Amino acid sequence: MENNNNNCCECFNSSERIKTWEKIDQEENQSILYDRLIKQYEILGIVASLITATLGMVLDNKNIYDDYKFIYNLINGLGIIFSLNCIVFCLIITSLLGAVQKNNIIKFIKSASSFLSLPLICIMIGLTSMYICVTMYFGGILSWILFPFSLILYLIGLIFYCYLRKKVINWIN
C-alpha cells in the first residue's frame with residue numbers, strides 16, 4: 001500500500017533522507033552507496049556550472065525594455081548567485097566525501113543530512129531564473145509568445161520531479 005504522507009516538498013525532512021540512504025546501504029555495499037552519492041553531487045555541480053554560464057551569457061541583454069531591466073538583472077543575479085552556491089556546496093560535499101572511508105558513509109550522511117538538499121534547492125532557483133531570463137532575453141512580443149511554452153514546460157518538469165520523488169520514497173520505505 002502506498003504511503004501518501006510523503007510530500008514532494010519535504011526537502012528539509014532529513015530523517016526521510018537518512019532512512020532512504022540507510023535502506024540503500026542495507027541493500028547494496030558501501031562502495032556502491034559512496035559512488036552513487038558522489039556522482040549525484042558531481043552531476044549537480046556540472047549542471048549548476050552550465051546554468052551559471054547560461055545566465056552569464058544572457059546577462060547583457062539589449063533586447064530588454066528599460067522598464068524591465070531592473071527585474072531582469074535581479075532575477076539573473078539571483079540565478080547566478082544560487083547556481084554558484086550550488087557549485088560551492090557540491091564541491092564541499094564531494095571533496096569531504098573523498099576523505100570519508102566508505103564504511104563511514106552512513107555517518108557522513110547522518111551528519112550532513114540537513115545540508116544535502118541545499119544544492120538541489122539552489123539549482124532549482126537557478127533553473128527558475130534561467131527559464132525566466134532566457135524567455136525574456138528575446139524581448140518584446142517574442143518573449144510574450146515564448147512565455148506560455150516556457151512556463152508550461154517548467155511546470156511539467158517540476159510536476160514530473162515531484163511525482164517521481166514521491167514514488168521513489170514510497171518504493172524505498
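All values reported here derive from a predicted model rather than from experimental measurement.
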If you group Ile, Leu, Val, Met, Phe, Trp and Tyr by side-chain heavy-atom gaps below 4.5 Å, do V58 and I125 land in one group?
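Same cluster: V58 reaches I125 through Ile, Leu, Val, Met, Phe, Trp or Tyr contacts under 4.5 Å.
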
I87 and L50: same hydrophobic cluster, using ILVMFWY side-chain contacts below 4.5 Å?
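Different clusters.
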
Donor-acceptor contact below 3.5 Å, side chain N104 vs main chain V100:
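Such a contact is absent between N104 side chain and V100 backbone.
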
L44 vs Y41, side chain to side chain contact (heavy atoms under 4.5 Å, CB included): CA-CA, chis, key distance, verdict:
CA-CA 5 Å; L44 280 173; Y41 287 99; 4.0 Å; yes

Provide the closest heavy-atom pair for [X] versus [Y] in the form atom of the first, atom of the second, distance.
X    : Y    : value
I80  : G56  : CD1-N, 4.2 Å
L96  : F108 : CB-CE1, 4.1 Å
G126 : S83  : CA-OG, 3.6 Å
P119 : C86  : O-SG, 3.3 Å
Y72  : L59  : CE2-O, 3.9 Å
M130 : L55  : CA-CD2, 3.7 Å

Just one of T128, V134, T135 clears the side-chain contact (heavy atoms from CB on, under 4.5 Å) bar with I132, so which one?
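When T128, V134, T135 are each tested with I132, the side-chain contact (heavy atoms from CB on, under 4.5 Å) holds only for T128.
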
Would you please name every residue forming a ring pair (Phe, Tyr, Trp, His ring centres under 6.0 Å) with F138, sequence neighbours left out?
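Once residues adjacent in sequence are excluded, F138 has no partner under the ring pair (Phe, Tyr, Trp, His ring centres under 6.0 Å) criterion.
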
Which atom pairs, one a donor and one an acceptor, fall under 3.5 Å between side chains of residues 88-95 and the rest of the protein, sequence neighbours left out?
{"from": "T94", "atom 1": "OG1", "to": "C90", "atom 2": "O", "distance (Å)": "2.8"}
{"from": "T94", "atom 1": "OG1", "to": "L91", "atom 2": "O", "distance (Å)": "3.4"}
{"from": "S95", "atom 1": "OG", "to": "L91", "atom 2": "O", "distance (Å)": "2.7"}
{"from": "S95", "atom 1": "OG", "to": "I92", "atom 2": "O", "distance (Å)": "3.2"}

Checking Y68 now: which residues fulfil side chain to side chain donor-acceptor pair (under 3.5 Å) with it, not counting sequence neighbours?
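In terms of side chain to side chain donor-acceptor pair (under 3.5 Å), with neighbours along the sequence ignored, Y68 is linked to no residue.
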
Can L120 and I123 be said to form a side chain to side chain contact (heavy atoms under 4.5 Å, CB included), step by step?
CA-CA 5 Å; L120 188 60; I123 207 168; 4.0 Å; yes

Approximate separation, where rounding is to 0.5 Å, of L151 CG and L146 CG:
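If we round to the nearest 0.5 Å, L151:CG and L146:CG are 12.5 Å apart.
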
